[in-house]
Structure formats: structure tokens, C-alpha cells
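All chains are named by letter (A, B, ...) in the order of the sequence lines, taking the proteins before the strands, and each is independently numbered beginning at 1. In what follows, every heavy atom counts, from backbone to side chain, and hydrogens, waters and symmetry copies are set aside.
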Amino acid sequence: MINKSVAELIESEGLLLQEIHVKGWVRTFRSNRFIALNDGSTINNIQCVIDFENTSEETLKRINTGAAVSIKGTLAASQGRGQSVEVQVSEIEVLGDSNPDEYPIQPKKHSFEFLRENAHLRVRTNTFSAVMRVRSKLSFAVHQYFQDRNFNYVNTPIVTGSDAEGAGEMFRVTNFKDNEAPLTEDGTVDYSKDFFGKETNLTVSGQLEAETYAMALGKAYTFGPTFRAENSNTTRHLAEFWMIEPEVAFMDLDGNMDLAEDFIKNVLNSILESCKDDLAFLDHRLTQEEKSKPQAERSDMSLLEKLRFVVDNNFKRVSYTEAIDILRNSKPNKKKKFQFPINEWGADLQSEHERFLVEKHFKCPVILFDYPADIKAFYMRLNDDGKTVRAMDVLFPGIGEIVGGAQREERYDVLVEKMKAMNIDEKELWWYLDLRKFGTAVHSGFGLGFERLVQFTTGMSNIRDVIPFPRTPQNAEF
RNA sequence: UCCUUCUUAGCUCAGUUGGUUAGAGCAUCUGACUGUUAAUCAGAGGGUCCUAGGUUCGAGUCCUAGAGAGGGAGCCA
């Protein structure tokens with residue numbers, strides 16, 4: 001008797017006619033005879049055939065969708081057409097019942113909205129199990145990529161004492177009880193009496209801390225949770241999400257763009273190898289979904305084609321200034337189709353503009369670089385023209401900005417001046433300025449939203465469907 | 001936060017210009033059948049039409065307010 005996972009049973013024809021033992025959950029039970037059994041090891045089910053005439057009525061009644069069962073039997077070539085092997089059951093035990101009257105997951109199509117309300121059970125469906133297996137493999141591929149290249153994994157703090165990271169609204173962390181926060185003389189909360197002795201927040205980015213490690217270990221990366229208290233209600237924002245932030249000493253913006261492109265291609269490639277079954281399922285799912293859309297909104301590439309396209313083609317690198325020229329002379333701009341017309345240099349690009357560049361003009365991933373200094377963060381390296389910074393965004397079809405990065409300002413005087421101009425407290429970031437005082441050097445890095453990468457890889461349109469328990473405004477169930 | 005659409009059975013939805021007792025498919029239950037592939041066939045049960053007001057002889061349908069959800073925008077990853 002050999003214990004086997006469903007994935008192993010389906011793969012290994014060498015086990016034919018052997019006695020096997022398998023445990024899993026019932027997906028469907030047809031004709032009082034056929035169990036489609038899934039144990040999460042693969043998107044595929046194994047068919048278990050029951051000799052119902054020699055099985056008690058009581059047991060048969062308990063074989064319901066969602067029930068956990070233990071099955072002993074013989075692996076055999078299937079008589080039916082839908083599968084090559086199946087288990088001829090000699091012994092079945094129901095380990096955990098599932099009342100069909102109450103179990104919400106039916107063997108039918110459910111809306112993603114409904115499944116979000118059942119996030120604890122939705123991973124029992126084909127789509128979510130596929131997405132979450134891909135997410136896990138992607139996560140591994142991220143570490144593999146950096147570890148293979150001798151990057152050091154840095155665990156930057158989740159509770160941060162600095163509120164100057166400038167990446168968005170922060171969640172306050174306090175140990176004060178309700179209505180018991182001590183006040184200072186001027187009536188504001190006295191955080192010097194709080195747990196950390198100062199005001200603290202959940203991190204919005206590990207970048208500044210990662211820089212400190214890059215300036216000692218050379219190559220560093222973070223991969224951890226980040227938090228934004230923005231009231232964002234979109235298909236590509238979460239209040240809690242996972243971010244990947246490599247940071248490299250002695251690397252300029254060109255090296256940064258090379259790294260981002262190579263990284264994305266590499267991890268996608270490894271998923272194309274390691275998640276073939278799940279991607280095939282997701283590819284088919286998306287194709288079916290697209291059929292219900294009007295012709296104009298359909299994608300001209302399938303999911304697998306899109307992934308291979310990204311892996312096989314160079315990202316188009318375009319400076320902000322070139323992009324503005326292209327947009328200014330574009331048809332939608334001349335025909336006044338843009339909600340925000342492009343008139344002059346210096347305007348921030350709206351998502352309609354990014355979409356035009358990526359989806360209509362270049363039809364491939366685009367890296368925009370050298371943005372106006374005014375619309376970017378204080379730590380980005382000022383170019384010699386005095387008006388642009390060495391920033392870059394990687395834009396992807398469908399999901400927009402997947403990467404944001406920059407060469408960091410390494411010159412102490414220039415950085416201090418920028419901080420003053422942008423009203424950032426130098427005292428808060430004394431340690432960040434120290435990096436420029438002692439052994440400063442050119443260095444660069446970027447941030448990549450992990451969930452957006454999972455979205456692109458799986459073809460899921462809502463970011464809430466690629467993280468197990470999404471945190472969004474007004475929602476922290478589970 | 002703004003714009004917009006939606007909310008009817010466990011799920012997915014239909015419900016005409018306001019008019020009898022609000023429907024279908026799937027799911028569930030009962031029975032039949034038994035090599036099925038979202039099994040099939042017959043029957044049954046299942047409804048605070050999101051909530052609160054209002055208009056009307058009459059509201060699932062029209063109006064007002066609120067709640068929740070989806071999509072888009074902004075912010076960004």
C-alpha cells in the first residue's frame with residue numbers, strides 16, 4: 001500500500017495495478033459511482049470508482065461535495081474517456097462530512113464576488129487553487145532569482161518610526177487604549193509615552209532601509225508585506241500587499257532597467273516551466289471569459305501567448321520627454337479623446353496615457369524613464385539638466401505600473417536641498433543621510449508589487465483575487 | 001474620495017408601458033437509472049424582491065434617503 005498524492009497518481013503510470021492509498025476532498029460524485037477527488041496537489045482530479053452495490057447506503061450518502069475522504073484501492077487504466085487512469089476503490093472512509101445543504105461551494109460556476117465573501121473556502125475551487133499555487137511558485141522564483149545572483153535577503157521593519165517615506169498614507173501603530181492616550185500641553189497625543197516612545201506606523205516601503213544594506217552588502221532585496229492607508233477602491237490596489245524591492249550599489253539607472261526586465265522575464269519563464277497545468281487551466285478560463293465580452297474589448301492574445309510575448313520581446317525604453325512627444329502627436333490627443341489632454345512637458349501621465357503607450361502605440365511592455373523632478377520623490381537622482389530625475393516605471397498591458405524605481409540621489413548636498421524643497425524632515429532621516437556622508441556611491445533599485453505580478457501571470461483581473469485574504473477599505477474579514 | 005452600474009430562491013439570473021398566486025437553470029430533498037465526465041429523467045420544498053420612507057386604487061417595477069457590492073477615475077506597487 002503506497003501513500004500517494006493525486007498529482008503523483010495521475011503522472012505515474014508505473015503504479016498501474018498497484019495498491020494505493022490517497023486522501024483528499026470530493027469535488028463531485030456522479031452516478032453513485034464516480035468520485036472526482038482533489039487533494040490540492042494539482043488542478044486535476046483523480047476519478048475514484050466505487051463498487052456501489054457493495055458499499056453501504058450510509059457511506060454513499062456521506063460522499064458529498066467538499067467531504068474529506070480516505071480511499072484505498074487499485075490504480076487502473078480508465079474505461080471512460082475523460083481520464084487515462086482511475087482508482088478502483090476497495091475501501092472508502094469519510095474522514096470529514098460536508099453537509100450539502102450548507103456547503104457554499106457547489107460544483108458549478110460561482111461569481112468571484114461571491115467567492116470573495118467565502119475567502120476561507122474559495123481556494124477549494126479550480127481557479128483559486130490554480131492562482132494560489134502559481135502565487136507560491138512565483139514567490140519561490142523571486143527568491144531563486146535573487147539568491148542565484150548573490151543578492152542578500154533583508155528583512156526590513158514592518159513597524160517603522162519614520163513617516164517620511166513619502167509613499168502614501170500610513171497606518172498608525174499605537175499601544176494606547178481607547179480614549180486613554182496621554183496628551184501634551186498643547187493638546188496633541190503624547191507619543192513619547194507610547195510603547196516605542198515615538199509615533200510609529202506600518203511600513204509603506206522597505207526601500208530606505210534596503211538602501212542601508214545595499215551600501216554594505218552590495219546587492220540586497222526585500223520581499224515582505226507593505227501597508228497603505230489610502231482609500232483606494234480599484235482592481236489593482238490593496239491596503240496590505242507584498243512588495244519586492246531590490247537595491248544595488250554601484251548600479252545606475254540603465255543597470256536598474258536591465259535588472260527589472262531580466263527579473264520579470266526570468267520569473268515568468270520559470271512559472272511557464274513549473275506551473276504548466278495551472279497555467280493551461282487559467283489560459284482556458286480567461287479565453288472562456290473573454291468570449292462573453294464584446295469583440296472590441298477582447299484581448300488579441302491568450303494568457304500563455306501574453307506571457308511568452310513578455311519573455312521573448314524586449315521592453316521598449318522611452319524617456320518621459322519622448323513619451324510626451326508621442327502622446328502630443330497621437331490621434332486621441334489630436335481628436336481630443338483623452339480626458340486629460342497632453343499639452344506641455346511636465347504633465348503627470350494619467351493611466352489613459354500609459355495605456356495608450358503600452359496597449360496601442362508600442363504594443364509591448366514599456367519602461368518610461370527620466371521623469372520631471374517635480375512629480376517624483378525626493379530621493380531620486382537629479383539629472384544634469386536640472387529638471388529631470390533618474391526614475392523609471394515599467395508599464396504592463398492591463399495592469400499598468402508594475403514596477404517603480406530609480407537611481408538614488410547619492411550626493412549629500414543635493415539630497416539635503418531636495419528634502420528642504422519638498423518639506424521633508426532631515427532630522428527624521430538622519431540615518432538615511434549618513435549613507436551619503438560615509439562612503440556614498442551610485443546605487444539604484446526598484447519596487448515591484450507582487451500581487452500585480454501574480455495578476456499578470458494568472459490573468460486575474462481583480463487584485464483581490466490573487467491574495468488569500470485581501471485587505472481593502474471597509475474590509476478585513478477573516 | 002469622485003463618477004457610474006447593480007442589489008429578486010443557497011448560487012447565477014429573467015421579470016414587458018406599474019396590474020391576479022413573482023419565474024428559470026443549477027444546487028438541495030424524494031424516486032428512477034447506473035461507465036459517468038457540469039451525468040440523465042420525473043417530482044417536491046425553497047422568497048422580508050437590500051433597508052426605511054414616499055407617490056398610487058395598486059409598487060419587484062416610479063421617487064427620495066441610507067447600506068452593501070461591481071466597474072471606472074485619482075493616489076500608487
Side-chain angles (χ1 to χ4, degrees), chain A residues 27-36 44-53 60-61 64-66 76 78-83 86 88 98-118 125-126 165-169 204-207 222-223 225-245 260 292 297 338-340 348-355 375-377 393-396 399-405 446-456 461-467 472-475 477:
Chain A
R27 280 292 172 79
T28 60
F29 185 38
R30 283 186 297 272
S31 303
N32 238 4
R33 190 199 282 267
F34 303 101
I35 299 175
N44 302 304
N45 303 326
I46 187 132
Q47 174 158 291
C48 301
V49 186
I50 290 192
D51 177 8
F52 63 91
E53 280 161 349
L60 291 174
K61 288 231 152 148
N64 293 311
T65 300
S78 177
Q79 297 169 34
R81 239 172 284 168
Q83 57 283 315
E86 63 191 17
Q88 297 290 343
S98 176
N99 183 345
D101 248 349
E102 292 172 25
Y103 188 54
I105 310 296
Q106 299 167 7
K108 61 165 278 188
K109 202 177 198 128
H110 290 290
S111 68
F112 289 146
E113 289 88 346
F114 172 73
L115 290 170
R116 258 170 237 152
E117 290 167 11
N118 291 283
T125 65
N126 285 334
E165 287 165 359
E169 283 297 308
V204 292
S205 160
Q207 180 205 314
T222 73
F223 185 5
T226 13
F227 309 86
R228 305 267 167 99
E230 304 283 352
N231 191 9
S232 294
N233 294 287
T234 81
T235 51
R236 50 192 192 283
H237 289 88
L238 291 165
E240 176 182 293
F241 64 101
W242 287 65
M243 191 149 64
I244 297 151
E245 295 174 290
S292 64
E297 288 171 32
F338 283 140
Q339 197 188 339
F340 300 91
D348 208 349
L349 299 183
Q350 308 293 321
S351 57
E352 58 177 345
H353 306 131
E354 296 180 349
R355 272 214 310 278
I375 59 173
K376 287 290 180 180
D393 284 350
V394 180
L395 308 177
F396 260 41
I399 49 177
E401 188 179 338
I402 192 165
V403 164
F446 60 82
L448 181 145
F450 183 56
E451 281 74 17
R452 290 190 183 173
L453 184 63
V454 182
Q455 263 189 290
F456 183 76
S461 55
N462 196 316
I463 200 165
R464 290 162 218 168
D465 297 331
V466 299
I467 188 167
T472 51
Q474 297 302 308
N475 183 13
E477 191 66 52

Whole-Å distance, Ile244(A) CD1 to A77(B) P, equals 14 Å
Per side-chain contact (heavy atoms from CB on, under 4.5 Å), Ile402(A) is matched among Val394(A), Leu395(A), Asp393(A) by Val394(A)
Intermediate values then yes/no, side-chain contact (heavy atoms from CB on, under 4.5 Å), Gln350(A) and Gln339(A) = CA-CA 9 Å; Gln350(A) 308 293 321; Gln339(A) 197 188 339; over 6 Å; no
Checking all strands, does Arg27(A) fall into the base, sugar-phosphate, or nothing category for heavy-atom contacts under 4.0 angstrom?
-> nothing
Is the ring centre of Phe241(A) under 5.5 Å from the base ring centre of A77(B), and are the two planes under 30° apart, so that they stack?
-> yes
Please examine the side chains of Leu60(A) and Phe29(A), heavy atoms only from C-beta on, and report whether any two atoms are closer than 4.5 Å.
-> yes
Using the C1' atom in both, what is the distance from U12(B) to A69(B), to the nearest Å?
-> 16 Å
Any-strand Watson-Crick or G-U partner of A52(B), both distances under 3.5 Å | U64(B)
Pick the P atom in U51(B) and in G60(B), then give their distance to the nearest Å.
-> 11 Å
Does Arg228(A) have a side-chain nitrogen or oxygen under 4.0 Å from the phosphate oxygens OP1 or OP2 of G74(B)?
-> no
Phosphate OP1/OP2 of U12(B): any Ser111(A) side-chain N/O under 4.0 Å = yes
Using the C1' atom on both, measure U8(B) against U48(B) and round to a whole Å.
-> 12 Å
Starting at the 5' end of RNA chain B, which residue's closest nucleotide do you reach first, Ile402(A) or Asn231(A)?
-> Asn231(A)
Every protein N/O within reach of nucleotides 65-71 of chain B N/O, cut-off under 3.5 Å:
from   : atom 1 : to        : atom 2 : distance (Å)
G70(B) : OP1    : Arg116(A) : NH1    : 3.0
G70(B) : OP1    : Arg464(A) : NH1    : 2.8
G70(B) : OP2    : Arg464(A) : NH1    : 3.3
G71(B) : OP1    : Asn462(A) : ND2    : 2.9
G71(B) : OP2    : Asn462(A) : ND2    : 3.2

His110(A) (side chain) and C11(B) (base): donor-acceptor pair under 3.5 Å = no
Is any N or O donor-acceptor pair between the side chain of Ser232(A) and the base of C76(B) shorter than 3.5 Å?
-> no
Would you give the length of the straight line joining atom CD1 of Ile467(A) to atom CD of Glu451(A), rounded to the nearest 0.5 angstrom?
-> 4.0 Å
To the nearest Å, how far apart are Ile399(A) CD1 and A77(B) C1'?
-> 10 Å
CD-CD distance between Glu477(A) and Glu117(A), expressed to the nearest 0.5 angstrom | 10.0 Å
What's the CD-P distance between Glu230(A) and A73(B), to the nearest Å?
-> 17 Å
What is the base-pairing partner of U4(B), counting Watson-Crick and G-U wobble geometry with both distances under 3.5 Å?
-> G70(B)
Whole-Å distance between G74(B) P and Phe338(A) CZ?
-> 12 Å
Spatial distance of atom CG (Leu349(A)) from atom CD (Glu401(A)) [nearest 0.5 Å] = 10.5 Å
What integer distance in Å separates Gln207(A):CD from C76(B):P?
-> 14 Å
Can you tell me, in whole Å, how much space there is between the P of G66(B) and that of C29(B)?
-> 43 Å
Considering only atom P, compute the distance from G43(B) to A27(B) and round it to an integer number of Å.
-> 16 Å
Kindly compute the distance separating CG (Leu453(A)) from CE (Met243(A)), expressed to the nearest 0.5 Å.
-> 13.5 Å
Check: Asn462(A) and Arg116(A) side chains under 4.5 Å, non-hydrogen atoms | yes
Could you go through the side-chain contact (heavy atoms from CB on, under 4.5 Å) check for Ile463(A) and Arg452(A) one step at a time?
-> CA-CA 7 Å; Ile463(A) 200 165; Arg452(A) 290 190 183 173; 4.1 Å; yes
Here the distance between atom C1' of C76(B) and atom CD of Glu240(A), to the nearest Å, is 17 Å
G-U wobble or Watson-Crick pairing nucleotide for C75(B) (cut-off 3.5 Å, both distances) = none
Looking only at heavy atoms, which two atoms of Thr472(A) and His237(A) are closest? And how far apart?
-> CG2-O, 4.3 Å
What interatomic distance, in whole Å, is found between C1' of A22(B) and the corresponding atom of A14(B)?
-> 11 Å
Go through Arg27(A) and Asn126(A) one step at a time and tell me if the side-chain contact (heavy atoms from CB on, under 4.5 Å) criterion holds.
-> CA-CA 10 Å; Arg27(A) 280 292 172 79; Asn126(A) 285 334; 2.7 Å; yes
NE2 of His237(A) versus P of A77(B): gap in Å, rounded?
-> 8 Å
Spacing between Arg355(A) atom CZ and C76(B) atom P, to the nearest angstrom | 17 Å
Extract from the structure each pairing of a protein N or O with an N or O of nucleotides 40-51 of chain B at less than 3.5 Å, listing the distance.
none

Pairwise P distance, A38(B) and G46(B) [rounded to whole Å] | 31 Å
From Asn118(A) CG over to Ile105(A) CD1, what is the distance, rounded to the nearest 0.5 angstrom?
-> 5.5 Å
With heavy atoms under 4.0 Å as the rule, sort Leu238(A) into base, sugar-phosphate or nothing.
-> base
What one-letter contact string describes nucleotides 27-38 of chain B from 5' to 3', where B marks a base within less than 4.0 Å of any protein heavy atom, S marks contact via sugar-phosphate atoms alone, and - marks no contact?
-> SSSS---BBBB-
Can you tell me the Watson-Crick or wobble partner of U21(B), both distances under 3.5 angstrom?
-> none
Before giving the answer on side-chain contact (heavy atoms from CB on, under 4.5 Å), spell out for Trp242(A) and Phe223(A) the whole-Å C-alpha distance, their side-chain angles and the decisive distance to 0.1 Å.
-> CA-CA 7 Å; Trp242(A) 287 65; Phe223(A) 185 5; 4.0 Å; yes
Write down the partner of A27(B) under the Watson-Crick or G-U wobble criteria, each distance required to be under 3.5 Å.
-> none
For U61(B) and U7(B), measure between their C1' atoms and round to the nearest Å.
-> 14 Å
Rounded to the nearest 0.5 Å, how far apart are OG1 of Thr125(A) and NZ of Lys109(A)?
-> 11.5 Å
